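Right, one structure below, let's go through it.
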Amino acid sequence: MTTPFELPANSPRLTDAERDRALGLLREGAAQGRLSHDTFLFRMERALQARRPDELALLTADLRSEGTWTRRVVGAVERMSAFTARIGRAWSAERLPKLLLPLPGPHPLRIGRDPVNGLRLSHETASRLHAELSLQGGLWVLRDLGSTNGTTVNGRRVTGAVVVRAGDVVGFGQMSFRLSHD
């Protein structure tokens with residue numbers, strides 16, 4: 001009779017490589033969403049306690065990795081998907097109209113729907129007096145003037161004033177522009 005800490009004489013010992021392979025399969029299964037967090041933790045603990053290869057096999061039986069052909073096809077699809085996503089981002093970024101930074105002057109550039117503004121926006125989501133852009137101490141500062149639909153810089157809502165520079169994407173309601181020197 002064996003004690004709980006002894007292996008039967010005919011049982012193969014578990015190697016570090018086998019344990020590492022099983023732990024890798026468990027991590028990959030959790031990352032792919034094939035295991036819940038609790039199941040992942042339970043199986044990781046059991047894998048670390050395992051003493052025989054058949055114990056590990058039970059923990060990873062439903063997570064066997066795909067064959068070489070499947071991995072290659074899935075990898076190619078993932079790379080193509082990432083490529084098309086980058087193309088989409090580049091396409092939408094380049095289609096933004098430029099908003100030229102004004103020449104320095106005594107008054108800020110007012111932006112909004114009202115005809116008195118230096119930059120008149122014709123979109124209904126822009127407020128009459130939406131925002132202003134001014135040069136202060138060598139830095140361009142964009143200030144929201146209490147607009148209804150908000151002012152954003154690079155996707156973040158502006159509350160008060162924020163420093164901007166050429167290349168930033170600024171939004172007034174649902175209208176967006178890319179700041180530019182030329």
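None of these values were measured; they are calculated from a predicted model.
Between atom CZ of residue R143 and atom OG1 of residue T159 there is a gap of 11.5 Å, rounded to the nearest 0.5 Å. Interatomic distance, CZ of R165 versus CG of L139, reported as 8.0 Å (0.5 Å rounding). Interatomic distance, CE of M44 versus CG of L59, reported as 10.5 Å (0.5 Å rounding). With rounding to the nearest 0.5 Å, the separation of CG in L23 from CZ in R21 is 11.0 Å. How far CG of L56 is from CD of Q49: 11.5 Å, rounded to the nearest 0.5 Å. Between the CE atom in M175 and the OG1 atom in T125 there is a gap of 7.5 Å [rounded to 0.5 Å].
Residues F177 and L121 are in side-chain contact: their nearest non-hydrogen atoms beyond the backbone lie under 4.5 Å apart. You'll find the side chain of S36 stays beyond 4.5 Å of the side chain of F42, heavy atoms only. Looking only at side-chain heavy atoms (C-beta outward), L14 and R51 stay at 4.5 Å or farther from each other. The side-chain heavy atoms of F172 and L99, taken from C-beta on, include a pair separated by under 4.5 Å. Residues L133 and V164 form a side-chain contact, since some pair of their non-hydrogen atoms from C-beta on lies under 4.5 Å apart. Residues H123 and Q174 have side chains in contact (heavy-atom distance under 4.5 Å, counting atoms from C-beta outward).
The shortest non-hydrogen separation linking R128 to N117 is O-ND2, 2.8 Å. Among all heavy-atom pairs drawn from W140 and P102, the shortest one is CH2-O, 2.9 Å. Taking both residues in full, the closest heavy atoms of S180 and A166 are given as CA-CB, 4.3 Å, listed atom of the first, atom of the second, then distance. Contact record, E132 with P108: OE1-CG, 3.5 Å, taken as the closest heavy-atom pair. Considering every non-hydrogen atom in both L101 and H181, the closest pair reads CD1-CE1, 3.6 Å.
Using a distance-only test at 3.5 Å, with no hydrogens or angles considered, no donor-acceptor pair links the side chain of Q32 to the main chain of G29. N154 places a side-chain N or O within donor-acceptor distance of the main-chain N or O of V169, the cut-off being under 3.5 Å. Remark: side-chain polar atoms of R120 are paired, donor with acceptor, to backbone N or O of R113 under 3.5 angstrom. At least one donor-acceptor pair under 3.5 Å links the side chain of D144 to the backbone N or O of G146. With hydrogens and angles disregarded, no donor-acceptor distance shorter than 3.5 Å links the side chain of T152 to the backbone of G155. Checked by atom type and distance alone, the side chain of R19 pairs as donor or acceptor with a backbone atom of L48 at under 3.5 Å. Checked by atom type and distance alone, the side chain of T60 never pairs as donor or acceptor with a backbone atom of L63 at under 3.5 Å. A donor-acceptor contact shorter than 3.5 Å is absent between the side chain of S127 and the backbone of L129. A distance-only check finds no donor-acceptor pair linking the side chain of T39 to the backbone of L35 [under 3.5 Å]. Under the 3.5 Å distance criterion, the side-chain polar atoms of H130 are left unmatched by any main-chain donor or acceptor of R110.
L142 pairs in a side chain to side chain contact (heavy atoms under 4.5 Å, CB included) with only one of the listed residues (L179, D168, V163, T151), which is T151.
Side-chain contact of E78 with S81: a donor-acceptor pair under 3.5 Å is absent, judged by distance alone.
One hydrophobic cluster holds both V162 and L119 under the rule that ILVMFWY side chains link at heavy-atom gaps under 4.5 Å. No path of Ile, Leu, Val, Met, Phe, Trp and Tyr side chains, each step under 4.5 Å between heavy atoms, connects I111 with L96, placing them in separate hydrophobic clusters.
By the 6.0 Å contact criterion, CG on D62 is enclosed, its count of non-hydrogen atoms from other residues, nucleotides or ligands being greater than 12.
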